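Contents: one structure, followed by commentary.
Since the model is a prediction, treat every value here as computed from it, not as a measurement. We name chains A, B, ... by the order of the sequence lines, and we start the count at 1 in each one.
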Protein chains: 2
Amino acid sequence: MDIFSALADPKRRQLIEALWLHGPLSIKQLSEGAGISRQAITKHLDILIKAKIVSAEFAGKERLHRLNPKPIERVALWLQPFAEQWDERLSRLKHYLGEDHE
Amino acid sequence: MDIFSALADPKRRQLIEALWLHGPLSIKQLSEGAGISRQAITKHLDILIKAKIVSAEFAGKERLHRLNPKPIERVALWLQPFAEQWDERLSRLKHYLGEDHE
DNA sequence: TTGACATGCAACCATATGGTTGCATATTGT
DNA sequence: ACAATATGCAACCATATGGTTGCATGTCAA
């Protein structure tokens, strides 16, 4: 499962948002009010973990999950050449770069 | 089919890259050397069109396709809060700017 | 008009995907 | 030790997905 596919499912994006908003969370916590079963959430989390978007560590009987921004970064970098307002963004950054690096 | 799912397939990302590199292209042209049938390419293009990532217009018997950056931009915007490492991004931009704009 | 070419349409197929349910296992507090 | 809690594992199911093939349609050039 690659990163793009991992991001394709709305439930998984929802999980990403939840982890971004409310620190490290367990499977149970992420399941509450998600509208699908705990096992389904586990599957989604496993996919996110395989895609390295989420990392998990055990704390007793809980599995705590947190975001790993790197792979998302890579997706963003792939998108950039195709995204519009690229020029506008470039010119904005051009100013910054001009100050800092040129 | 939403934008994220449209971007999930590697063949479709390949099509996006091809359209970005070599202007408006027909189905035939996009099929050459793609490794799958013309009909499969058509299906992928239809998905990209439904996601508004690609627009198509007829020129005689050919259907010409071009990129529409807006939806890709929206995806990029969704990703931004989760993607950190702006510094790395900046250094890439510096390179880009150095080549094309400075 | 006729033939070549680009595309459209539809049926079909194998596998992936997203979900469920049922039961097993491990950890914690009393 | 025991019960409650959090998770793991596996079978199962319906539908989506990505591909194929075969044939029909529309357009252009000779």
Side-chain angles (χ1 to χ4, degrees), chain A residues 1-19 22-68 71-72 75 78, chain B residues 1-19 22-68 71-72 75 78:
Chain A
M1 173 77 68
D2 80 313
I3 309 175
F4 285 89
S5 303
L7 292 174
D9 188 277
K11 291 271 167 55
R12 286 197 287 270
R13 294 199 297 275
Q14 197 174 308
L15 289 174
I16 289 173
E17 290 171 352
L19 288 176
H22 321 101
L25 295 173
S26 70
I27 296 176
K28 176 89 181 304
Q29 291 171 316
L30 287 165
S31 303
E32 325 243 297
I36 58 177
S37 70
R38 168 185 63 82
Q39 288 86 338
I41 294 288
T42 301
K43 283 191 184 182
H44 282 308
L45 286 171
D46 288 346
I47 288 171
L48 290 172
I49 289 169
K50 268 182 194 154
K52 316 259 192 193
I53 296 173
V54 163
S55 63
E57 54 183 328
F58 275 93
K61 62 183 169 186
E62 288 188 329
R63 201 176 79 174
L64 292 183
H65 304 76
R66 65 190 69 219
L67 265 189
N68 174 25
I72 300 182
V75 172
W78 184 87
Chain B
M1 173 76 68
D2 80 313
I3 308 175
F4 285 89
S5 303
L7 293 174
D9 188 276
K11 292 271 166 55
R12 287 197 287 270
R13 294 199 297 276
Q14 197 174 306
L15 289 174
I16 289 174
E17 290 172 351
L19 289 176
H22 322 101
L25 295 172
S26 70
I27 296 176
K28 177 88 181 304
Q29 291 172 314
L30 287 165
S31 303
E32 326 243 297
I36 57 177
S37 70
R38 168 184 63 82
Q39 287 88 338
I41 294 289
T42 301
K43 282 191 183 181
H44 282 308
L45 287 171
D46 288 345
I47 287 171
L48 290 172
I49 289 169
K50 267 181 193 154
K52 315 260 192 192
I53 296 174
V54 162
S55 63
E57 55 182 327
F58 275 92
K61 60 183 169 185
E62 288 187 330
R63 200 176 80 172
L64 292 182
H65 304 76
R66 65 190 69 219
L67 266 189
N68 175 25
I72 300 183
V75 173
W78 184 87

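As a whole-Å value, the separation of I49(B) CD1 from dG8(C) C1' is 13 Å. Residue Q14(A) contributes atom CD, which lies 10 Å from atom P of dG19(C) at whole-angstrom precision. If you measure from atom CG of L7(A) to atom P of dG18(C), you get 12 Å, rounded to the nearest angstrom. The distance between atom CG of D46(A) and atom P of dT17(C), rounded to the nearest whole Å, is 14 Å. One interatomic measurement links the two molecules: CD1 of I47(B) to P of dA16(D), which rounds to 13 Å at whole-angstrom precision. Protein atom CG of L45(A) is 12 Å distant from nucleotide atom C1' of dT7(D), rounded to whole Å. The nearest whole Å value for the distance from the NE2 atom in H65(B) to the C1' atom in dG8(C) is 12 Å. A straight line from NZ of K11(B) to P of dT17(D) spans 17 Å, rounded to a whole angstrom.
Over its length, the helix from dT1(C)-dA30(D) to dT30(C)-dA1(D) turns its helix axis by 30°, as judged from the five terminal pairs at each end, rounded to 10°.
In this model, the phosphate group of dC28(D) is not approached by any side-chain N or O of K61(B) to a distance below 4.0 Å at OP1 or OP2. Checking the phosphate oxygens (OP1, OP2) of dT20(D), a side-chain nitrogen or oxygen of S37(B) falls inside 4.0 Å.
The side-chain heavy atoms of L7(B) and L7(A), taken from C-beta on, include no pair separated by under 4.5 Å. In this structure, I3(A) and W78(A) have side chains that are not in contact, with every pair of non-hydrogen atoms separated by 4.5 Å or more. I27(A) places a side-chain heavy atom less than 4.5 Å from the side chain of H65(A). Between I36(B) and K43(B), every side-chain heavy-atom pair lies at or beyond the 4.5 Å cut-off.
The side chain of R38(A) lies closest to dC23(C) when the candidates are dC23(C), dT27(C), dT20(C). When the nucleotides dT27(D), dG19(C), dT7(C) are ranked by their closest atom to the side chain of I36(A), dG19(C) comes out on top. Across dT7(C), dG18(C), dG8(D), the shortest atom-to-atom separation from the side chain of I27(A) is found for dG8(D).
The structure places OG of S26(B) at 9.5 Å from CG of L45(B), a figure rounded to the nearest 0.5 Å. Here the CG-OG distance, from N68(A) to S55(A), works out to 6.0 Å after rounding to the nearest 0.5 Å.
One N or O donor and one acceptor, one from the side chain of Q39(B) and one from the base of dG22(D), sit under 3.5 Å apart. Interface remark: the R12(A) side chain does not form any donor-acceptor pair with the dG18(C) base, using a distance-only criterion of under 3.5 Å. Scanning atom types as modelled, no donor and acceptor separated by under 3.5 angstrom connect the side chain of R63(B) and the base of dG8(C).
Projected onto DNA chain D by closest heavy-atom contact, L64(A) and D9(B) fall at different nucleotides, the more 5' of which corresponds to L64(A). When each of F58(B) and G60(A) is assigned the nucleotide of DNA chain C with its nearest heavy atom, F58(B) is the one assigned upstream, toward the 5' end.
Remark: of the listed residues L30(A), L67(A), V54(A), L30(A) is the sole one forming a side chain to side chain contact (heavy atoms under 4.5 Å, CB included) with L15(A).
Base contact: K43(B) has a heavy atom under 4.0 Å from a base atom.
Ion pair D2(B)/R13(A) flagged as a salt bridge, since at least one NZ, NE, NH1 or NH2 atom sits closer than 4.0 Å to an Asp/Glu carboxylate oxygen.
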